[in-house]
Amino acid sequence: MKLGCKSIFTVLSKHSIKSRSFHDVRVRFAPSPTGYLHLGGLRTALYNYLFALKNKGKFILRIEDTDQSRLVADASKSIIEDLRWSGIVIDEGPIVGGNFGPYIQSERLHIYNDAIQQLLGDGSAYRCYCSETRLDLLRKEALKQRQIPKYDNKCRHLTLSEIKEKQSNKVPYCIRFKLEDFNDPVEDLVYGNVFVNSSKHEGDPVIIKSDGFPTYHFANVVDDHHMKVSHVFRGVEWQTSTPKHLLLYKAFGWNPPKYGHLPLLINADGTKLSKRQGDISINKFRDSGIYPLALANYVMCAGGGFQKEQSLKPTLETLESLSKMFNIENLNSHPGRLNPDLLNDFNNLEIRRKLSNENETDELVEIVRSMVRSKYPERNIDLDASYTKNILNWSAQRLSTLSDLTSENFNFLWTDGNVVNSTELSKDQIDELIGSLDKIEFTKKNIQTTLKSYSGKTQIKFPVLMKTLRTSLSGLKEGPGVAEVMEIFGKEESLRRIRSNLNSSNA
Ligand code: GLU
């Protein structure tokens, strides 16, 4: 097994890592329930969680469902299930509750409504009565002129009487925020100082839509403030929105949290992660037999955050120990490459870890037994637990997931071998072979010695004997050695297979 990541997680705890410590840490993961949790989302949630664990802070889950047109039924429920499956403990959020709820934005409309009154009252926000048709024309015109479409802030400048007229005519409106220039750098915990002047590229942003729902930017700022969020770790796609958020904080007279943006996750070949979300959704990994800790180590390995330490021995770290080693100063600001081989390696380590624990081994045995039963329903296999355990221990080094055991390579474990009509062996010789194997302690070495001496005694050429036995035992032409196969099967199963599959055709 090769580990490309050189186990960046090992040995770190022995080093004293220069790290700032933070007080009263409150972080949040704020997914929109527009789909299922995927690798990028899990990565964001995990970094927030590790940061909270490390600083003895709180991890908040907030569901950002203000875009009602994009909601996916059950997405929130499945996001929560996936986070829990990943080992993340939600301190505050839907279902668990907390002092700063509700934690679902659509249940917080009264809070946004109060907040918007402040901005309307002091003139930092205004009602915009522009129709969709006008906005569309503006967009088209800009594109024609090869300019970036942006709202021209027309309604900022309405006179009092114009406003009165619109109001009395009940013209529908949204509310926009007066975007100022932002020339200061944004201090990003991951990227350092970042300069973005939003007002150059966009008009005044909508903060309350005509349906009365807030937009992401507004609700996000209001909630982070009311939920006393201290640090925001989120995808880099939000970096250009941060000045807008900082301006909203300024308009409210609130202190903003600290921001750290997490770079893109990309495939090993540098391409973007699959557009087909299904391929990278957490439940897809789970259903394919990937364990949560393996997935967490895999994702963390791509994103960094741990001092680079070379070690020959790969290790699988718990979230607790990852949190101790985690240091935001070591987060990468370049895209994180995923290495799928590494996921298999981590999962293999997790299978082996489970096999070192009796209870967890029993669970694995049960999983394999039911997997085999459903893979080969026609064979009516009633697997013996100790046989299955034997197989698991033997195959542990080679497995990426337990389902590998029902792949073609391992088919022989669950099938009955092939019937062989051997012209080389007489009936008595077959009985003699079974008799001598029955006498020995069934280790690979003893089996090997017995077969060698049997071949010498009977003058049956060793390679011929091996070929015959291999077919009768496993039906395979190649694969693990005969003695090894017998050792895996154990005495009872091996002799049963030989007895039933090996016929003498020269009786
Ligand atoms: N709802 C946003 C998302 O799904 C959250 C962004 C943020 O963390 O501020 O990405």
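Side-chain atoms are counted along with the backbone in the values below, which use heavy atoms only and exclude waters and symmetry mates.
- Pairs of residues two or more places apart, or lying in two chains, that qualify as salt bridge (charged side-chain N to carboxylate O under 4.0 Å, His left out) and include a residue from residues 217-233 are Arg28-Asp224, Arg62-Asp223, Arg62-Asp224, Arg108-Asp223.
- In this structure, OG in Ser106 is found 8.5 Å from OH in Tyr112, a value given to the nearest 0.5 Å.
- In this structure, Phe326 has its ring center under 6.0 Å from that of Tyr47.
- Residues forming a side-chain hydrogen bond (donor to acceptor under 3.5 Å, both in side chains) with Gln167 (at least two apart in sequence, or on another chain): none.
- For residues 396-410, the set of pairs meeting the salt bridge (charged side-chain N to carboxylate O under 4.0 Å, His left out) definition, not counting sequence neighbours, comprises Arg398-Glu484.
- For the atom pair Leu83 CG and Leu42 CG, the distance stands at 7.5 Å (nearest 0.5 Å).
- Residues in residues 229-249 take part in these salt bridge (charged side-chain N to carboxylate O under 4.0 Å, His left out) pairs, two or more places apart or across chains: Glu202-Lys244.
- Within a 6.0 Å sphere centred on CZ of Arg139, other residues, nucleotides and ligands contribute more than 12 heavy atoms.
- Between the CD1 atom in Ile79 and the CD1 atom in Ile63 there is a gap of 5.0 Å [rounded to 0.5 Å].
- Taking CD of Glu350 as the start and OH of Tyr291 as the end, the distance is 7.5 Å to the nearest 0.5 Å.
- Applying the ring-ring contact (aromatic ring centres under 6.0 Å, His included) rule to His245 yields the partners Tyr216, His217; only residues at least two apart in sequence or on another chain are considered.
- At least one donor-acceptor pair closer than 3.5 Å links the side chain of Asn297 to the backbone N or O of Leu293.
- Here Leu37 contributes atom CG and Ser76 contributes atom OG; the two are 11.5 Å apart, rounded to the nearest 0.5 Å.
- Across all their heavy atoms, Leu343 and Ala294 have their closest contact at CD1-O, 3.9 Å.
- Counting only distance, with no hydrogens or angles, the side chain of Asp152 and the backbone of Lys154 share a donor-acceptor pair below 3.5 Å.
- Within 6.0 Å of the NZ atom in Lys354, the count of heavy atoms belonging to other residues, nucleotides or ligands exceeds 12.
- Residues His225 and Phe252 keep their aromatic ring centres 6.0 Å or farther apart.
- Of the possible polar contacts, one joining the Thr215 side chain to the Val206 backbone as a donor-acceptor pair under 3.5 Å is found.
- Under the side-chain hydrogen bond (donor to acceptor under 3.5 Å, both in side chains) criterion, Tyr259 pairs with no residue, sequence neighbours left out.
- Closest of all the heavy-atom pairs between Val25 and Ser230 is CA-OG, 3.3 Å.
- Side-chain N or O atoms of Asn327 include none that pairs as donor or acceptor with a backbone N or O of Phe306 at under 3.5 Å.
- Between the side chain of Thr361 and the backbone N or O of Leu355, at least one donor-acceptor pair lies under 3.5 Å.
- Here the closest heavy-atom approach between residue Ala251 and residue Leu119 is recorded as CB-CD2, 4.0 Å.
- Counting only distance, with no hydrogens or angles, the side chain of Lys178 and the backbone of Gly123 share a donor-acceptor pair below 3.5 Å.
- For residues 83-100, the salt bridge (charged side-chain N to carboxylate O under 4.0 Å, His left out) pairs, not counting sequence neighbours, are Arg26-Glu92.
- Evaluation of the side-chain hydrogen bond (donor to acceptor under 3.5 Å, both in side chains) rule for Asp211 yields no partner, not counting sequence neighbours.
- A distance of 4.5 Å separates CD1 in Ile266 from CZ in Arg337, rounded to the nearest 0.5 Å.
- Checking Arg353 against Asn357 by side-chain atom types alone, no donor-acceptor pair falls below 3.5 Å.
- Between the side chain of Asn339 and the backbone N or O of Ala302, no donor-acceptor pair lies under 3.5 Å.
- A donor-acceptor pair is defined here as one N or O able to donate and one able to accept, closer than 3.5 Å; no such pair exists between the side chain of Asn330 and the backbone of Gly304.
- At a threshold of 4.5 Å between non-hydrogen side-chain atoms, the residues Phe233 and Leu46 do not count as touching.
- Within a 6.0 Å radius of CG in Asn183, other residues, nucleotides and ligands contribute more than 12 heavy atoms.
- A donor-acceptor distance shorter than 3.5 angstrom exists from the side chain of Asn332 to the backbone of Gly303, with no hydrogens or angles considered.
- For the pair Gln68 (side chain) and Asp65 (backbone), a donor-acceptor distance under 3.5 Å is present.
- When all heavy atoms of Tyr249 and Val221 are compared, the closest pair comes out as OH-O, 3.6 Å.
- Residues satisfying the side-chain hydrogen bond (donor to acceptor under 3.5 Å, both in side chains) criterion with Asn267, sequence neighbours excluded, are Thr271.
- Checked by atom type, the side-chain pair Ser333/His261 shows no donor-acceptor distance below 3.5 Å.
- Judged purely by distance below 3.5 Å, without hydrogens or angles, the side chains of Thr159 and Glu162 pair a donor atom with an acceptor atom.
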Full working for side-chain contact (heavy atoms from CB on, under 4.5 Å) between Ile175 and Leu120: CA-CA 9 Å; Ile175 300 176; Leu120 284 172; 3.9 Å; yes

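- Remark: Ser370 engages Arg373 in a side chain to side chain contact (heavy atoms under 4.5 Å, CB included) (not counting sequence neighbours).
- Between Ile351 and Ser400, the shortest heavy-atom distance links the atoms CD1-O, 3.8 Å.
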Stepwise ring-ring contact (aromatic ring centres under 6.0 Å, His included) check, His231 with Phe51: CA-CA 9 Å; His231 294 78; Phe51 188 72; 4.7 Å; yes

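- Counted within 6.0 Å of CG on Asn193, heavy atoms from surrounding residues, nucleotides or ligands total more than 12; the atom is thus considered enclosed.
- Qualifying ring-ring contact (aromatic ring centres under 6.0 Å, His included) partners for Trp85, counting only residues two or more places apart in sequence or in other chains: none.
- Using modelled atom types and a 3.5 Å distance limit, the side chains of Ser124 and Asp122 yield a donor-acceptor pair.
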Full working for side-chain contact (heavy atoms from CB on, under 4.5 Å) between Tyr191 and Val186: CA-CA 9 Å; Tyr191 285 79; Val186 177; over 6 Å; no

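- By the 6.0 Å and 45° rule, Lys54 does not stack over the aromatic ring of Tyr49.
- For the side-chain contact (heavy atoms from CB on, under 4.5 Å) criterion with Phe346, the lone passing option out of Leu295, Thr315, Leu316 is Leu316.
- Scanning all heavy atoms of the two residues, the minimum distance from Trp254 to Val222 falls at CZ3-CA, 3.9 Å.
- The ring pair (Phe, Tyr, Trp, His ring centres under 6.0 Å) pairs that include a residue from residues 123-151 are Tyr129-Tyr173, where partners are two or more places apart or lie in different chains.
- Ionic pairing of Lys284 and Asp287 is not present here: no N-O contact between side-chain nitrogen and carboxylate oxygen is shorter than 4.0 angstrom.
- Arg286 and Asp82 are joined by a salt bridge, as a carboxylate oxygen and a charged side-chain nitrogen come within less than 4.0 angstrom of each other.
- At a cut-off of 3.5 Å, with distance as the only test, no side-chain donor of Thr34 or Ser32 sits close to an acceptor on the other residue.
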